[in-house]
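Single-structure report; data block below.
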Amino acid sequence: MSHDQRISAYRDRFDNHIVQERVAKVDALREAGTSPFANGFEVSHTAAQVYAEAGSMTAEELAERAIPVTVAGRLRLFRQMGKAAFLKLADRTCREGLKGAPSDDNFLQVFVSLGSVGQELFDRLLTFDLGDILGVRGTLMRTKTGELSVAATEIIMLTKSIRPLPDKFKGLSDVEQRYRMRYVDLVMNDEVREVFYKRTRIVSAIRSFLDRRDYLEVETPMMHATPGGAAARPFATHHNALNMQLFMRIAPELYLKRLLVGGMERVYEINRNFRNEGLSRKHNPEFTMLEFYQAYATWEDMMHLTEEMLCEVAATIHTPNEAGEIRFIAEEQEVSFARPWRRLRMSEGVAEALGVDEAQLDDLDFLREAARKAGADVARLDKGKMLVELFERRVEHTLIQPTFVVDFPASASPLARRKESNPELVDRFELYVLGRELANAFSELNDPEDQYGRFAAQLEAKAGGDDEAMPMDEDYVRALEYGMPPAAGEGIGIDRLVMLLTDSASIRDVILFPHMRPE
RNA sequence: GGGCCGUUAGCUCAGCUGGUAGAGCAGUGGACUUUUAAUCCAUUGGUCGCGAGUUCAAAUCUCGCACGGCCCA
């Protein structure tokens, strides 16, 4: 097949007249000797720079100075009125609040008049379509209604867009299309772009916070021979050359703690985890996790660090009030980050929710019956796991304000250090906000014998049918045998943190390309 | 996995108890030299998600499937 035949086959796939008209313009541009897909363009000003430089100048000042600018962006609005025309361009700085009155569309306006650009360029204007990416040279001016604009002297086609953009006013609102074609969603929806700018700010603030505390950012394997560090089912894959099974990681924990053994006393990683579970508003198969570990620290140090970090991070999104407190609305509720955050023992919370005395939770029969009534499959649960089930089903969703849930059962925490006052419990907390788990932290188990025993207990649970139980990781135990300093570590779900701080209802609203079934 | 809802023009949506599809925006042609979702006149555009069934007749009723949303597990 020749190149022309392939192109023709490509074009035959479109039966939409708008696309066909635009494709004809591509041909016309080529015939006229201009490329519809230009090779670079040197820009002197972004839209924001135009406003920063000349936003306060009067029409007379602008006319006198004749400030030359070269701008570029996507054509979003086009109004032609006889021998004059207005174009509105969007570039990366065209975001909410770029400018104020008279028009508040956040675009940069370009003014073209036949008298100043001549017939050739003015005729060429008529071949432009909404969505095209244009380069404009001109000088700054203010229109009759006072809008700062670029008076064009030259307009260059940089990229011809052959598909029409959605309705200029209603935009793209179909949720499925927004996720599948995020590139269109990002063009059309300011709020969507804003969420992802905020996401980047949040992650930068976390890095900055940890970097200032002498934490080292590292990268550990995404493909594990032994999937560990969390209770979850992994995605399996296969290495052809080595002919071996590999798993996409469910957590980086065991590798980061190996680094503690190696003397990297403060490490963190912000990267993807993969869990082979269902999709929901709160779950995407791949999601981003921050994990950090600090030698010589305890779980209580982690609580303080968490309050400090999340307040600092939240302050980049929500301005603190006069008292220095951060309060914001999410899911129609006011969330207060005012410190200190509440601490709640797990059994205390469960007893309260059940309306019983905490001592009653020691009664195994009572616990089993309560868990069964709550809808848990109690068949192969031990006492600790039943308590966790009751917590998840009866308490979790009630924890709206930041709450550290403490005193987790050891059987549900195979990598955490036992409490000195009660070896049935571990030095661990989970942070809940808006009824969702946001962070999980504990003092690390560094006793290789206990760790081996806990892995062995996990193997027994797996044999008993618990498919989320962890496998034995012999090399990790070997690492502990060399000596891991006392340490504490924590994981924070980045997607959920972004959801909280941007008041996004679905994890798909904070992941650029969420997982979708094939079309 | 279960329940409910949705899928109609490029986009946003109408379309009643069945009678073979409409609007706004976008597009096309025309008027207009300072517009702000510009305006005005004219106009093109549809495998009604896919597949069966009922019927003289299906976007509409029934069943199945696909994709998505919400809720539950």
Side-chain angles (χ1 to χ4, degrees), chain A residues 13-25 59 62-63 74-90 94 98-119 121-122 125-132 138 140-152 161-185 187-190 277-283 331 372-377 389 392-393 396-397 504-509 514-519:
Chain A
R13 303 179 317 154
F14 297 105
D15 54 2
N16 179 293
H17 72 278
I18 299 178
V19 174
Q20 280 159 357
E21 281 151 12
R22 291 184 175 205
V23 165
K25 290 175 182 174
L62 288 166
R74 191 183 290 274
L75 182 60
R76 293 298 308 280
L77 291 170
F78 179 61
R79 290 189 271 270
Q80 196 223 334
M81 15 231 324
K83 298 182 175 99
F86 297 89
L87 290 71
K88 294 253 181 169
L89 299 185
C94 289
L98 168 70
K99 57 201 176 78
S103 77
D104 206 11
D105 52 28
N106 298 326
F107 300 139
L108 179 64
Q109 181 161 272
V110 174
F111 177 70
V112 188
S113 71
L114 175 62
S116 53
V117 302
Q119 195 68 48
L121 172 55
F122 204 79
L125 275 188
L126 304 179
T127 70
F128 295 161
D129 291 292
L130 297 183
D132 289 352
L140 296 182
M141 62 166 296
R142 217 169 262 288
T143 61
K144 197 187 258 179
T145 52
E147 180 160 347
L148 185 60
S149 307
V150 178
S161 164
I162 64 170
R163 282 186 188 261
L165 287 174
D167 185 298
K168 67 184 177 190
F169 189 57
K170 302 275 178 111
L172 182 69
S173 59
D174 181 83
V175 183
E176 182 174 354
Q177 299 224 61
R178 286 187 37 231
Y179 295 150
R180 286 194 194 282
M181 299 195 290
R182 184 70 93 182
Y183 36 90
V184 180
D185 190 27
V187 168
M188 299 304 296
N189 296 318
D190 286 354
E277 294 160 355
L279 284 74
S280 82
R281 246 161 32 117
K282 286 188 257 181
H283 298 90
E331 310 220 324
R372 200 191 53 74
K373 264 197 271 180
D377 178 11
E389 285 280 352
E392 286 175 355
R393 287 161 193 272
E396 193 175 301
H397 65 274
S504 299
S506 169
I507 195 167
R508 291 183 160 191
D509 294 325
H515 185 76
M516 302 288 280
R517 285 195 170 92
E519 283 177 78

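Lettering follows sequence order; numbering is per chain, from 1.
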Taking only side-chain nitrogens and oxygens of [X], does any of them come within less than 4.0 Å of OP1 or OP2 of [N]?
| X | N | answer |
| --- | --- | --- |
| A:R508 | B:G69 | yes |
| A:K168 | B:A26 | yes |
| A:T145 | B:U36 | no |
| A:Q80 | B:U35 | no |
| A:R281 | B:C71 | yes |
| A:K282 | B:C70 | no |

Of the listed nucleotides [options], the one nearest the side chain of [X]:
| X | options | result |
| --- | --- | --- |
| A:D129 | B:U33, B:U28, B:G24 | B:U28 |
| A:R517 | B:U12, B:C67, B:A37 | B:C67 |
| A:H17 | B:U12, B:U34, B:U44 | B:U44 |

Within the 4.0 Å heavy-atom criterion, would you say [X] contacts the bases, only the backbone, or no part of the nucleic acid?
| X | result |
| --- | --- |
| A:I18 | base |
| A:M188 | nothing |
| A:R180 | sugar-phosphate |
| A:L165 | nothing |
| A:G171 | sugar-phosphate |

Which one is paired to [N], where only Watson-Crick or G-U wobble pairs with both distances under 3.5 angstrom count?
| N | result |
| --- | --- |
| B:U36 | none |
| B:G22 | B:C13 |
| B:A57 | none |
| B:U43 | B:G27 |
| B:G1 | B:C72 |
| B:U7 | B:A66 |

request  = Keeping the roles fixed (side chain from A:E176, backbone from A:R178), state whether a donor-acceptor pair exists under 3.5 Å.
outcome  =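 Side chain of A:E176 to backbone of A:R178, a donor-acceptor pair under 3.5 Å: no, none is there.
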When the [atom1] atoms of [N] and [M] are considered, how many whole Å apart are they?
| N | M | atom1 | answer |
| --- | --- | --- | --- |
| B:A9 | B:G22 | P | 14 Å |
| B:U55 | B:C70 | P | 40 Å |
| B:A73 | B:A14 | C1' | 37 Å |
| B:U7 | B:G51 | C1' | 15 Å |
| B:A26 | B:C40 | P | 11 Å |
| B:U12 | B:C4 | P | 26 Å |
| B:A59 | B:A21 | C1' | 8 Å |
| B:U47 | B:U43 | C1' | 24 Å |

Going by modelled atom types, is there a donor-acceptor pair between the base of [N] and the side chain of [X] at under 3.5 Å?
| X | N | value |
| --- | --- | --- |
| A:K144 | B:U35 | no |
| A:T143 | B:U35 | yes |
| A:E147 | B:U34 | no |

request  = For A:L165 and A:R74, run side chain to side chain contact (heavy atoms under 4.5 Å, CB included): C-alpha distance rounded to whole Å, both residues' side-chain angles, the deciding distance at 0.1 Å, then the answer.
outcome  = CA-CA 11 Å; A:L165 287 174; A:R74 191 183 290 274; 4.3 Å; yes
inquiry  = Quick one, A:F78 with A:F86, criterion ring pair (Phe, Tyr, Trp, His ring centres under 6.0 Å). Give me CA distance, side-chain angles, the key distance, then yes/no.
reply    = CA-CA 6 Å; A:F78 179 61; A:F86 297 89; 9.8 Å; no
key: Spacing of A:N16 atom CG relative to B:G45 atom P, expressed in whole Å   =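 A:N16 atom CG is separated from B:G45 atom P by 12 Å.
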